[in-house]
Novice: 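The structure follows.
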Amino acid sequence: MPELPEVETVVRSLAGELAGRRVVRVLLRERRLRGGVARDFSKRLEGRGITRLARRGKYLLAWLDDGAVLLVHLGMTGQLTIAPASRPDRVHDHVVITLDDGRLLTFNDARRFGRVAVVGGDALGVETGEGVDPLADAFTPDALFGLTRRRRTSVKSLLMDQRRVAGLGNIYVNEALFHAAIRPGRRAGRLGRDDCERLVASIRLVLAEAIQRGGSSISDYRDGLGRAGEFQLSHHVYDRARQPCRRCATPIRKQLHAGRSSFYCPSCQR
DNA sequence: CGCACCCCCTGCCGGC
DNA sequence: TGCCGGCAGGGGGTGC
């Protein structure tokens, strides 16, 4: 599921609900999430106030009033939702946080690839990585051009490497490369400045539209209030193998790159 | 450095 | 109908 637009949508849907709230109680029902949940997770959260929400790459950050940060990564199937106290228990509800207004903030994750942790504010960089956020001002054509120099890897692999660019996953890389008319398998080092200019603009545009439509709900994704997104209806290539290109009607091709499916139009993309 | 493979886990879908 | 293999938006590790 969740790439930058989905995490951003969760952040936006929860920001007003959580800012100023206090954590009353934490019920940790499953510690076997990615990396394992630390023993003191609940203790570091209980009694703390939540000051504000933010996003870094695919991480959701909730700043606490002691300077620490609750960090949530949704993995593939994670959902972080707020609901009335009357919400019944569901399968895969791994963390249930009771807030001071009685509502429940719940982390549900069928596959348990997600991660929750409380970390010191100064450890954020180490925990979340330092890749440039593609919506940040620092993500310029020059910056991307620099990242690609002397890189023999594919442009798709490079863009999905969270240590370099933080937030893009399989859906939005494929969509952005289609918009920029660049094939996923192109060697990063062979991109020209003009390619990087188009690619930065395409990434920004695709992400902005996706956020506007509330993200892509392929199957599991929901925002913080439980609502599905709609951007999957606007996909041009992702999960459209053998279907006609929306621009030229050529069948969309599916191909494996480093174990992940790539989708592209062999006519529009070069 | 780059990549081909593993792993982690559940759920769903299509084929037989 | 039921079973089984393959695949899925995530990341991490190893060995070549």
Side-chain angles (χ1 to χ4, degrees), chain A residues 1-11 29-37 55-60 71-80 90-95 107-117 126-131 134 147-178 184-190 203 206-207 210-211 213-223 228-242 254-263:
Chain A
M1 138 236 150
E3 305 178 30
L4 186 154
E6 288 76 30
V7 181
E8 180 68 25
T9 303
V10 172
V11 166
R29 310 166 80 172
E30 178 56 82
R31 295 186 53 214
R32 293 173 300 169
L33 306 181
R34 181 158 64 83
V37 181
R55 177 189 60 73
R56 182 182 277 203
K58 296 177 190 171
Y59 279 94
L60 176 147
L71 185 153
V72 179
H73 193 294
L74 300 172
M76 291 277 259
T77 52
Q79 298 180 7
L80 184 69
R90 301 166 304 181
V91 64
H92 306 310
D93 277 351
H94 304 314
V95 186
F107 181 73
N108 180 291
D109 185 2
R111 290 177 75 179
R112 286 194 271 123
F113 288 172
R115 178 184 180 208
V116 299
V126 178
E127 295 292 336
T128 64
E130 303 280 9
L147 283 175
T148 59
R149 289 311 86 187
R150 289 176 299 284
R151 297 296 309 279
R152 298 181 56 76
T153 193
S154 69
V155 58
K156 184 191 184 217
S157 294
L158 181 132
L159 289 173
M160 285 184 69
D161 184 343
Q162 305 296 301
R163 296 167 303 179
R164 299 190 160 81
V165 181
L168 298 175
N170 209 24
I171 294 178
Y172 297 104
V173 162
N174 278 297
E175 292 298 316
L177 285 168
F178 172 80
R186 274 265 289 276
R187 301 268 190 200
R190 302 198 59 178
I203 289 169
V206 167
L207 294 178
I211 291 168
R213 306 283 305 271
S216 301
S217 288
I218 306 293
S219 60
D220 303 277
Y221 168 70
R222 296 294 182 273
D223 75 4
E230 295 185 330
F231 191 68
Q232 70 280 4
L233 304 173
S234 300
H235 290 175
H236 282 74
V237 287
Y238 182 79
D239 209 16
R240 295 196 66 242
R242 297 181 303 281
K254 174 177 176 174
Q255 188 177 321
L256 281 188
H257 281 124
R260 312 290 299 273
S261 294
S262 292
F263 301 88

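First the proteins, then the strands, lettered A, B, ... as listed; each starts at 1. Worth saying up front: this structure is predicted, and the values here are computed from it rather than measured.
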Novice: Has A:Tyr172 got a side-chain N or O lying under 4.0 Å from the OP1 or OP2 atom of C:dG9?
Specialist: no
Novice: Could you tell me how far B:dC6 sits from C:dG5 if I compare only their P atoms? Round to whole Å.
Specialist: 16 Å
Novice: What nucleotide, of C:dA8, C:dG9, C:dG11, holds the atom closest to the side chain of A:Gln162?
Specialist: C:dG11
Novice: Give the rounded distance in Å between these two atoms: CG of A:Leu60 and C1' of C:dG9.
Specialist: 17 Å
Novice: P atom, C:dG9 versus B:dG2: distance in rounded Å?
Specialist: 23 Å
Novice: Tell me if a side-chain donor or acceptor on A:Thr153 pairs with a main-chain N or O of A:Ser157 at a distance below 3.5 Å.
Specialist: no
Novice: Would you say the side-chain atoms of A:Glu30 pair up with the backbone N or O of A:Val95, donor to acceptor, closer than 3.5 Å?
Specialist: no
Novice: Set out, in order, the CA-CA distance, both residues' side-chain angles and the distance that settles side chain to side chain contact (heavy atoms under 4.5 Å, CB included) for A:Val7 and A:Tyr59, then state yes or no.
Specialist: CA-CA 7 Å; A:Val7 181; A:Tyr59 279 94; over 6 Å; no
Novice: Which nucleotide in the set B:dT10, C:dG9, C:dA8 lies at the smallest distance from any side-chain heavy atom of A:Lys254?
Specialist: C:dA8
Novice: Nearest-Å distance, CG (A:Asn174) to P (C:dG9)?
Specialist: 9 Å
Novice: What is the separation between atom CZ on A:Phe263 and atom P on C:dG9, rounded to the nearest whole Å?
Specialist: 7 Å
Novice: Within the 4.0 Å limit for protein heavy atoms, which parts of nucleotides 2-8 of chain B are touched? Write it as a string from 5' to 3', B for base, S for sugar-phosphate only, - for none.
Specialist: SS----B
Novice: Between B:dT10, C:dG9, C:dC7, which nucleotide gets closest to the side-chain atoms of A:Met76?
Specialist: C:dG9
Novice: What I want to check is whether the side chains of A:His257 and A:Ser262 have a donor and an acceptor closer together than 3.5 Å.
Specialist: yes
Novice: Give a yes/no on whether any side-chain N or O of A:Lys58 is located under 4.0 angstrom from OP1 or OP2 of C:dG11.
Specialist: yes
Novice: Nearest-Å distance, CG (A:Leu74) to C1' (C:dG11)?
Specialist: 13 Å
Novice: Between A:Glu175 and A:Tyr238 (side chain of the first, backbone of the second, donor and acceptor by atom type, cut-off under 3.5 Å), is there such a pair?
Specialist: yes
Novice: Looking at A:Arg112 and A:Asp109, does any basic side-chain N land under 4.0 Å from a carboxylate oxygen?
Specialist: no
Novice: Does any part of the side chain of A:Glu127, heavy atoms only, come nearer than 4.5 Å to the side chain of A:His73, both counted from C-beta?
Specialist: no
Novice: Go through B:dT10, C:dG9, C:dG11 for me and flag the one nearest to the A:Ile171 side chain.
Specialist: C:dG9
Novice: From CZ of A:Arg240 over to C1' of C:dG9, roughly how many Å is that when rounded to an integer?
Specialist: 18 Å
Novice: Between B:dC9 and C:dC3, how far apart are the P atoms? Round to whole Å, please.
Specialist: 23 Å
Novice: When you check the gap from the basic side-chain N to the acidic O, do A:Glu8 and A:Lys58 get nearer than 4.0 Å?
Specialist: no
Novice: Figure out the CG/P separation between A:Asn170 and C:dA8, and round it to whole Å.
Specialist: 8 Å
Novice: Is the phosphate of B:dT10 approached by A:His92 (side-chain N or O, under 4.0 Å from OP1 or OP2)?
Specialist: no
Novice: How does DNA chain B look in dot-bracket form if you count Watson-Crick and G-U pairs under 3.5 Å, write [ ] for pairs that cross, and put | where a base pairs with another strand?
Specialist: .|||||||.|||||||
Novice: Under 3.5 Å, is there a donor on one side chain and an acceptor on the other for A:Arg213 and A:Ser234?
Specialist: yes
